[in-house]
Asks: 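Please find one structure pasted underneath; my questions will follow.
Fair warning: this is a prediction, and the values are worked out from it, not measured in the lab.
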Amino acid sequence: MVHEREPARLRHLDDRDSTRQHAPLRVDRFAERSGHSCSPTRPAARGEHGVERSFAAVCEREFDDLVEPRSAHAGGHRTRDLVGPECSSELVGTNDGTAHRRIDCRLFAVRVAPGAALLERVPLLDKHLDDYAEVVEPGTIERIRALAEPLRGSRVLHVNATAYGGGVAELLATHVALLRDVGVDAEWHVMHGSDEFFAVTKTVHNALQGADVEWTPQMEHIYLERVLDNALQLEGEWDFVVIHDPQPAAMRDYARGHGVAPESTKWIWRCHIDLTDANEQVFEFFRPFVEQYDASVWTMPEFVPSSLHMDRVVFAPPCIDPLSVKNLDLPQPFVSELVKQYGVRPNDPLLVQVSRFDPWKDPIGVIEAYRIVREEFPNLQLVLAGSMATDDPDGFHYWELADEARAGDQDVHLLSNIQQVGNVQINAFQRLAAVVMQKSLREGFGLTVSEGLWKGRPVVGGRCGGITLQIEDGVNGYLVDDVETAAKRTADLLRAPQRATEMGAAGRETVRRQFLSTRELEDWLRLYGEMQ
């Protein structure tokens, strides 16, 4: 749950419109204190297992509106002859020795409009491993090529929920392109959702990070119906399919169950979320799906729930691409002129936090810390910048809350892709920053921490999740637990610019050794090779 010392700053975690169609988020009893009301919904009955309940939910759809019978030869899918409208049942085993009765819906196909592919292929720029030789440590390129040689020609598919606006999309843009360069036939597909689906998966995201949410059979139904729709569109003979995060997590079960994926394919689930305090009911819904994967990959051991039983669990923190537009060196005159276009004064001290507008990133806490520091540094400025992603329906809501919190302060700049803020602009803001902040309350990794360190800036970050892997407290930045400490450490850095420069230099070396995309590529090639 959230830190006990900060309840008053977490009102935005539950300050949402009661007419929204997903469950209200309740953190630290704020629903009660804020007067927010919501209609209770029936919790899942005790003893109902996730897979059993989920397949039943999908098969209970209104067939006239949502599904139509598929003949035994339609669409090339392997099915049995259609005997009647009933769905057969079979037992699905999980790694803990239990079994769940699932409903077999493979005799039905989702009615998809002609030409409306649900899984969309993401086009990528070319990237070349040799271009990284001057950036990475000696021997890195040679190790990668040796690992890649036995995998030459293998087919790898990555699937996630959005092509832009989040850390996963940034990782895949580099990782998949580099896989291709070393001889792996790799692609990246994005699943198709809906507003209703992404409202549910946002609730799932919050729940898995520790929020108390209303989780209902209707939400399961919405989630599973959309994943089934996407799973039925899976095409191709893949050696490895990597599924990222909860949004498409049930796809492996559906694809195998409907004969659209060969038995030889190895399936990997990559969880980018901090599950140290996951909502038990929601995780238990997902656990049977996850346990059917051949392997799972996590940022750190602490994230793995004790109830998860899998033979192969791997730890591989994410990394940044030093040659991406967001991280390339920029000349200082260019940086200064660029930030002026957004009303930022290049000669006055600047704090920068780059992240989605999300309660777990605590933008309101950042604004409050800025106000404390500004009492000593009256020319201080703050930039809160992030993208509005397609899989985050709450982004605008929390933007509005941050806008209310800044209370018309013209030195607090809220920026996003809507204001044409892209990777070049983010790069410029981070390079100009006196201090980069990432005051998260929960964090899977926090790529923006490594981005700031790579640019030689000290980072003040929340003591949570993957941030603790990147910041060595007092060496390349500071780990903080509350607004007051964040303000104190930020002021310390502003008072001692030489010390800040030294910490930033130490941070750059930390990233060079541990958090560049070549290290992530090496990790994944090793895993693919072990699973061949």
Asks: Would you say E472's side chain and A506's backbone share a donor-acceptor pair under 3.5 angstrom?
Replies: no

Asks: Does a side-chain N-to-carboxylate-O contact under 4.0 Å join D294 and R252?
Replies: no

Asks: For D245, enumerate each residue passing the side chain to side chain donor-acceptor pair (under 3.5 Å) test, keeping only those at least two apart in sequence or located in another chain.
Replies: none

Asks: Working to the nearest 0.5 angstrom, can you tell me the gap between F285 CZ and L208 CG?
Replies: 11.0 Å

Asks: Give the minimum heavy-atom separation between L178 and S517, together with the two atoms involved.
Replies: CD1-OG, 4.5 Å

Asks: Taking atom CD of E235 as the centre, report whether more than 12 heavy atoms of other residues, nucleotides or ligands fall under 6.0 Å from it.
Replies: no

Asks: If every non-hydrogen atom of Q532 is compared with every non-hydrogen atom of S154, which pair is closest and at what distance?
Replies: NE2-OG, 3.8 Å

Asks: Look only at the side chain of Q353 and the backbone of K361, and say whether a donor-acceptor pair between them is shorter than 3.5 Å.
Replies: yes

Asks: So for atom CD, which belongs to E280, do other residues, nucleotides or ligands contribute more than 12 heavy atoms lying within a distance under 6.0 Å?
Replies: no

Asks: I'd like to know if the side chain of R442 reaches the main chain of Q209, judged simply by a donor and an acceptor atom lying under 3.5 Å from each other, with no hydrogens or angles considered.
Replies: yes

Asks: Could you tell me which non-hydrogen atom of N230 sits nearest to which non-hydrogen atom of L119, and how far apart they are?
Replies: O-CD1, 3.7 Å

Asks: Mind checking what makes salt bridge (charged side-chain N to carboxylate O under 4.0 Å, His left out) contact with D130, not counting sequence neighbours?
Replies: R145

Asks: Residues in ring pair (Phe, Tyr, Trp, His ring centres under 6.0 Å) with H205, at least two apart?
Replies: none

Asks: With D523, which residues qualify under side-chain contact (heavy atoms from CB on, under 4.5 Å), at least two apart?
Replies: A316, R519, R526

Asks: Give a yes or no on whether the backbone of T468 and the side-chain of R463 come within a donor-acceptor separation of less than 3.5 Å.
Replies: no

Asks: F515 and P317: which non-hydrogen atoms are nearest, and at how many Å?
Replies: CE2-CB, 4.2 Å

Asks: Whether the side chain of N279 engages the backbone of D212 through a donor-acceptor N/O pair (distance < 3.5 Å, no angle test) should be reported.
Replies: no

Asks: Would you please test Q218 and T216 for side-chain hydrogen bond (donor to acceptor under 3.5 Å, both in side chains) and show each step?
Replies: CA-CA 5 Å; Q218 175 64 16; T216 69; over 6 Å; no

Asks: Kindly write out the residues that satisfy ring pair (Phe, Tyr, Trp, His ring centres under 6.0 Å) with Y132, not counting sequence neighbours, or none if the list is empty.
Replies: none

Asks: With sequence neighbours left out, what residues match K127 under salt bridge (charged side-chain N to carboxylate O under 4.0 Å, His left out)?
Replies: D321

Asks: Between D473 (side chain) and L479 (backbone), is there a donor-acceptor pair under 3.5 Å?
Replies: yes

Asks: For a quick test of reading the model, state the closest non-hydrogen atom pair linking V325 to N427 and the distance between them.
Replies: O-ND2, 3.0 Å

Asks: Can you confirm whether V204 sits close enough to W215 that some side-chain heavy atom of one is under 4.5 Å from a side-chain heavy atom of the other?
Replies: yes

Asks: Answer yes or no: is there an ion pair linking E187 with R121, defined by an N-O contact shorter than 4.0 Å?
Replies: yes

Asks: Does the Q470 side chain pair with the main chain of S450, one donor and one acceptor, at a distance under 3.5 Å?
Replies: yes

Asks: Could you tell me whether the side chain of N206 and the main chain of A211 form a donor-acceptor pair under 3.5 Å?
Replies: no

Asks: Going by distance alone, is a donor N or O of one side chain under 3.5 Å from an acceptor N or O of the other, for E196 and S194?
Replies: no

Asks: Taking only residues two or more places apart in sequence or in another chain, which ones pass salt bridge (charged side-chain N to carboxylate O under 4.0 Å, His left out) with R312?
Replies: E530

Asks: Ring pair (Phe, Tyr, Trp, His ring centres under 6.0 Å) with H189: which residues, sequence neighbours excluded?
Replies: none

Asks: Mind checking what makes side-chain contact (heavy atoms from CB on, under 4.5 Å) contact with A186, not counting sequence neighbours?
Replies: V156, V176, L179, R180, V184

Asks: Classify the angle between the aromatic ring planes of Y528 and H158 as parallel (below 30°), tilted (30 to 60°) or perpendicular (above 60°).
Replies: perpendicular

Asks: About how many Å separate CD1 of I268 and CD1 of I243, when rounded to the nearest 0.5 Å?
Replies: 10.0 Å

Asks: State, with a plain yes or no, whether a side-chain heavy atom of Y254 is found less than 4.5 Å away from one of L234.
Replies: no

Asks: Taking salt bridge (charged side-chain N to carboxylate O under 4.0 Å, His left out) as the test, write out the residues that go with E302, two or more places apart.
Replies: none

Asks: Considering all heavy atoms of both residues, which atom of W238 and which atom of D185 are nearest to each other, and what is their separation?
Replies: CZ3-O, 4.3 Å

Asks: Go through the steps to decide whether Y223 and F286 satisfy the test ring-ring contact (aromatic ring centres under 6.0 Å, His included), and finish with yes or no.
Replies: CA-CA 11 Å; Y223 169 80; F286 281 93; 5.2 Å; yes

Asks: With R270 as reference, evaluate L171, L172, T299 under the side chain to side chain contact (heavy atoms under 4.5 Å, CB included) test and give the passing residue.
Replies: T299

Asks: Considering residues at least two apart in sequence or located in another chain, which fulfil the ring pair (Phe, Tyr, Trp, His ring centres under 6.0 Å) criterion with W298?
Replies: W269

Asks: According to the salt bridge (Lys or Arg N to Asp or Glu O under 4.0 Å) rule, which pairs have a member within residues 167-177, sequence neighbours left out?
Replies: E170-K326

Asks: Is D358 salt-bridged to K202, going by a charged N under 4.0 Å from an acidic O?
Replies: yes

